[in-house]
Amino acid sequence: MQEKDWKRIAEKEARHYRNHMAFMRGVEDAKGGETERYRQSGKWVLAVNYVLEHLKRTDPEKERFFRCIYGIDSGKPRRGERAFLALAFEFHTTSSTLYRWRNEMVSLLLIAASQTGALIPYRIEPER
């Protein structure tokens, strides 16, 4: 896989944050057992939460942008050129700045995902 593939996966999982949360809540409410899907959803939720917490501490404006673009609060991710133009007006910045922010956030999410085990880009087995 190439870097752009990992980024695409990370963005997809960020857009599905609310679905992961709902799925996990449903399993917990039904008192179901932990499945691989449940564990994987939990890893992605944890990764997104790590990024949100980091952005909250370092740059609340970027945290708000992250929440907007991936639909963390509303459930409706904002995608495409038209959405970025609207967000540029909302955040009082240029769309190129927003694209830069998004790339930065995807990088943070990839790091967090590798820390939680949601993504393991290089499976290197230890030598015995």
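- You'll find the side chain of W44 reaches within 4.5 Å of the side chain of L119, heavy atoms only.
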For this session: Determine, step by step, whether V51 and H54 satisfy the side-chain contact (heavy atoms from CB on, under 4.5 Å) criterion, reporting the C-alpha distance in whole Å, the side-chain angles of both residues, the deciding distance to 0.1 Å, and the verdict.
Result: CA-CA 5 Å; V51 172; H54 171 74; 5.7 Å; no

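- Of all heavy-atom pairs between Q40 and A118, the closest is NE2-O, 2.8 Å.
- Considering CD of E104 and CG of L109, their distance stands at 12.5 Å, rounded to 0.5 Å.
- Between R64 and E61 there is a salt bridge, since a side-chain N of the basic residue sits under 4.0 Å from a carboxylate O of the acidic one.
- Here the closest heavy-atom approach between residue F65 and residue L87 is recorded as CE1-CD1, 3.9 Å.
- Residues meeting the ring-ring contact (aromatic ring centres under 6.0 Å, His included) test with W6, sequence neighbours left out: none.
- Here the CZ-CD distance, from R8 to E13, works out to 13.5 Å after rounding to the nearest 0.5 Å.
- The two residues A112 and A47 have their closest heavy-atom pair at CB-O, 3.6 Å.
- Atom CD of E36 and atom OG of S41 lie 9.5 Å apart (nearest 0.5 Å).
- The closest side-chain heavy-atom distance from T35 to V27 is not below 4.5 Å.
- The two residues K12 and H16 come nearest to each other via the heavy atoms O-ND1, 2.6 Å.
- Of all heavy-atom pairs spanning S95 and F84, the tightest one is O-CD2, 4.2 Å.
- Grouping the Ile, Leu, Val, Met, Phe, Trp and Tyr side chains by contacts below 4.5 angstrom, directly or via other members, places L46 apart from L52.
- Under the 4.5 Å side-chain heavy-atom criterion for ILVMFWY residues, no single connected hydrophobic cluster contains both Y50 and M21.
- The ring-ring contact (aromatic ring centres under 6.0 Å, His included) check on F23 picks up nothing, with sequence neighbours excluded.
- If you look at Y70 and Y17, their ring centroids are not closer than 6.0 Å.
- Sequence neighbours left out, the pairs with a member in residues 76-85 that pass salt bridge (Lys or Arg N to Asp or Glu O under 4.0 Å) are R78-E90.
- R67 contributes atom CZ, which lies 9.5 Å from atom CG of L55 (distance to the nearest 0.5 angstrom).
- For L110 against A10, the heavy-atom pair with the smallest separation is CD2-CB, 3.8 Å.
- Both Y99 and F91 are assigned to one and the same hydrophobic cluster, defined by single-linkage of ILVMFWY side chains at heavy-atom distances under 4.5 Å.
- The pair K7-E11 does not count as a salt bridge, with every side-chain nitrogen at least 4.0 angstrom from each carboxylate oxygen.
- Of the candidates E53, K56, R57, E63 forms a side chain to side chain contact (heavy atoms under 4.5 Å, CB included) with just one, namely K56.
- Few gaps surround OH on Y38; more than 12 heavy atoms of other groups in view lie less than 6.0 Å from it.
- Proximity of F66 to V48: side-chain heavy atoms (C-beta onward) are separated by under 4.5 Å at one or more points.
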For this session: Tell me, with the steps shown, if T116 and V45 meet side-chain contact (heavy atoms from CB on, under 4.5 Å).
Result: CA-CA 10 Å; T116 64; V45 166; over 6 Å; no

For this session: For the pair N103 and R100, evaluate side-chain contact (heavy atoms from CB on, under 4.5 Å) and give the outcome as yes or no after the intermediate values.
Result: CA-CA 5 Å; N103 287 335; R100 188 171 36 83; 5.7 Å; no

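- Not a single donor-acceptor pair under 3.5 Å links the side chain of T97 to the backbone N or O of T93.
- Contact annotation: the side chain of R18 never approaches that of I72 to less than 4.5 Å [non-hydrogen atoms, C-beta and beyond].
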